[in-house]
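Here's the structure we're looking at; comments come further down.
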Amino acid sequence: MKILVVGSGGREHAIVWKLKQSPKADKIYCAPGNAGIAQDAQCVPIGAMEIDKLVDFAKKEGIDFTVIGMDDPLVAGVVDAFEKEGLRVFGPRKNAAIVEGSKAFSKELMKKYGIPTAKYETFSDYEKAKSYVLGHDVPLVVKADGLALGKGVIICNTHEEAVAALDEIMVDKKFGKSGNTVVIEEFLTGPEVSVLSFCDGKTVVPMVSAQDHKRAFDNDEGLNTGGMGTFSPSRIYTKEINDECMEKIFKPTVAALANEGRPFVGVLYFGLMLTKDGMKVIEYNARFGDPETQVILPRLKSDLLEIMESCVDGTLDKMEIEWYNNAAVCVVEASGGYPVSYDKGYVITGLEEAAKRDDIIVFHAGTALKDGKLVTNGGRVLGITGIGKDIDEARKKAYEGVDIVDFEKKHFRHDIGIKKY
Ligand code: AMP
Ligand code: GLY
């Protein structure tokens with residue numbers, strides 16, 4: 001089969017890396033990909049949002065199966081565009097990707113179907129939103145309705161902060177149209193866990209659990225980032241909790257979407273928080289998480305391509321999905337200064353040495369090829385995944401990899417996967 005993967009980050013590298021292991025995968029393309037992905041697939045210079053060009057490429061090249069990694073094209077309807085041309089594609093249609101594209105939609109869905117989540121109100125009128133926050137106790141969480149590069153959630157500890165958040169989102173339009181509507185939520189506390197699942201519209205199969213570290217510095221200090229590291233499995237996500245989530249969250253969500261005429265096909269990501277009142281949904285994403293994928297897919301024993309095909313064909317209930325009984329830790333190597341400002345173009349060393357290790361996998365996120373050398377080309381540069389029998393061993397391997405793979409002004413967290421999480 002000829003396969004096309006759409007996206008350019010560490011997540012897409014992990015997807016390509018895993019698909020390549022399938023005996024059914026003859027040739028893999030990635031649009032637009034990056035310098036590391038180019039070692040595993042043929043990169044094509046088409047942006048993830050250039051939907052017409054992607055469809056044209058798939059038709060001309062005779063692509064048998066396309067996998068969409070990123071959220072923006074899904075929310076914009078890339079799957080519908082492929083299906084219209086009779087092309088097979090893995091990912092939710094626009095009317096189901098809305099679970100990520102609109103927080104107001106997903107909150108309403110959860111309320112209607114009794115799926116546990118934080119209490120909330122939705123506002124499109126600034127004055128009404130303002131009088132609501134002033135009339136409620138803090139902390140409150142103010143969220144832009146639409147996609148905001150993961151930055152549209154503001155936790156407000158004072159009324160002043162809440163009003164400032166509303167100003168930023170609704171008046172200054174920091175996130176553009178995504179801020180036409182806001183969701184204002186009660187503030188919940190508890191450990192967070194990401195559970196990604198395969199869905200075929202009817203059946204939902206959770207993957208192994210993962211946890212990510214979003215803040216830039218050790219001990220969860222500093223600004224929120226796209227993710228500084230992940231580990232799998234989560235220590236808090238027991239079999240009992242999984243059973244409870246299956247009954248109260250996963251199955252009801254997939255059934256709700258089907259019932260609304262929006263069957264979800266693809267990866268449905270449940271961002272969960274274990275509160276004193278049990279597990280609650282913090283957010284849905286309509287795709288694999290980044291960098292969760294970099295610890296989840298290395299633990300998948302089964303053929304990813306076969307699973308994805310079964311999702312598209314509606315036969316996921318017939319699949320036996322197997323996982324390795326091990327653990328994985330991914331430490332992100334970022335450019336010093338990320339997520340604010342940073343330089344690019346530093347030469348990356350140690351990649352050949354790391355490639356010799358079968359317990360370390362290097363996934364590329366922001367890299368480029370310059371004068372025949374791999375150089376840094378983004379905020380998050382690489383994800384170094386270590387594999388071991390348990391988290392502690394995987395952690396050790398990941399940090400050995402971090403020592404081996406180097407570049408100037410490298411920044412990483414030292415506490416990915418340690419016990420307190
Ligand atoms: P989201 O983009 O919805 O995942 O939100 C980003 C992060 O904000 C989450 O991972 C949580 O850490 C935090 N967050 C979101 N909603 C709440 C809430 N209702 N209470 C506490 N923290 C929240
Ligand atoms: N790691 C969080 C996300 O992919 O949204």
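Owing to the predicted nature of the structure, the values given are computational and were not obtained by experimental measurement. Each ligand, and each atom within it, is numbered from 1 in the order the structure gives.
- Close approach to Asp212 involves these atoms of ligand 2, each under 4.0 Å from a residue heavy atom: 1 (N), 2 (C).
- Using cut-offs of 30° and 60° for the angle between ring planes, the Trp17 and Phe363 rings count as perpendicular.
- At a heavy-atom distance under 4.0 Å, only side-chain atoms of Asn285, from C-beta outward, approach ligand 2.
- Here the heavy atom of the protein found nearest to atom 5 (O) of ligand 2 is Arg287 NH2, 3.0 Å.
- Contact atoms of ligand 1 toward Lys214: 10 (O) (distance under 4.0 Å to a heavy atom of the residue).
- Other residues, nucleotides and ligands contribute at most 12 non-hydrogen atoms within 6.0 Å of the NZ atom of Lys396.
- Set against the non-hydrogen atoms of Tyr269, the atoms of ligand 2 under 4.0 Å away are 1 (N), 2 (C), 3 (C).
- Close approach to Lys143 involves these atoms of ligand 1, each under 4.0 Å from a residue heavy atom: 3 (O), 15 (C), 16 (N).
- Where the criterion is an N or O separation shorter than 3.5 Å, residue side chain and backbone included, Lys214 fails it with respect to ligand 2.
- Close approach of ligand 1 to Glu186 (heavy-atom distance below 4.0 Å) involves ligand atoms 18 (C), 19 (N), 20 (N).
- Each of the atoms 1 (N), 2 (C), 4 (O) of ligand 2 lies under 4.0 Å from some heavy atom of Glu292.
- Short contacts between ligand 1 and Lys103, defined as distances under 4.0 Å to a heavy atom of the residue, involve ligand atoms 2 (O), 3 (O).
- Residue-environment remark: NZ (Lys202) exceeds the threshold of 12 foreign heavy atoms within 6.0 Å.
- Contact annotation for Phe288 and ligand 2: no heavy atom of the residue comes within less than 4.0 Å of the ligand.
- When heavy-atom distances to ligand 2 are checked against a 4.0 Å cut-off, Gln211 has no atom that comes that close, whether in backbone or side chain.
- Looking at Arg11 next to ligand 2, no N or O pair under 3.5 Å apart turns up.
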Derivation and outcome, ring pair (Phe, Tyr, Trp, His ring centres under 6.0 Å), residues Tyr284 and Phe270: CA-CA 5 Å; Tyr284 295 125; Phe270 298 89; 5.7 Å; yes
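- Aromatic ring pairs are classed by plane angle as parallel below 30°, tilted from 30° to 60° and perpendicular above 60°; the pair Tyr29 and Phe57 is perpendicular.
- Residue Ala118 has no N or O atom closer than 3.5 Å to an N or O atom of ligand 1.
- Residue-ligand proximity, Val153 to ligand 1, at heavy-atom distances under 4.0 Å covers atoms 1 (P), 2 (O), 3 (O), 5 (O), 8 (O), 15 (C).
- The residue from Asp64, Leu305, Thr66, Ile15 that alone fulfils the side-chain contact (heavy atoms from CB on, under 4.5 Å) condition with Ile3 is Leu305.
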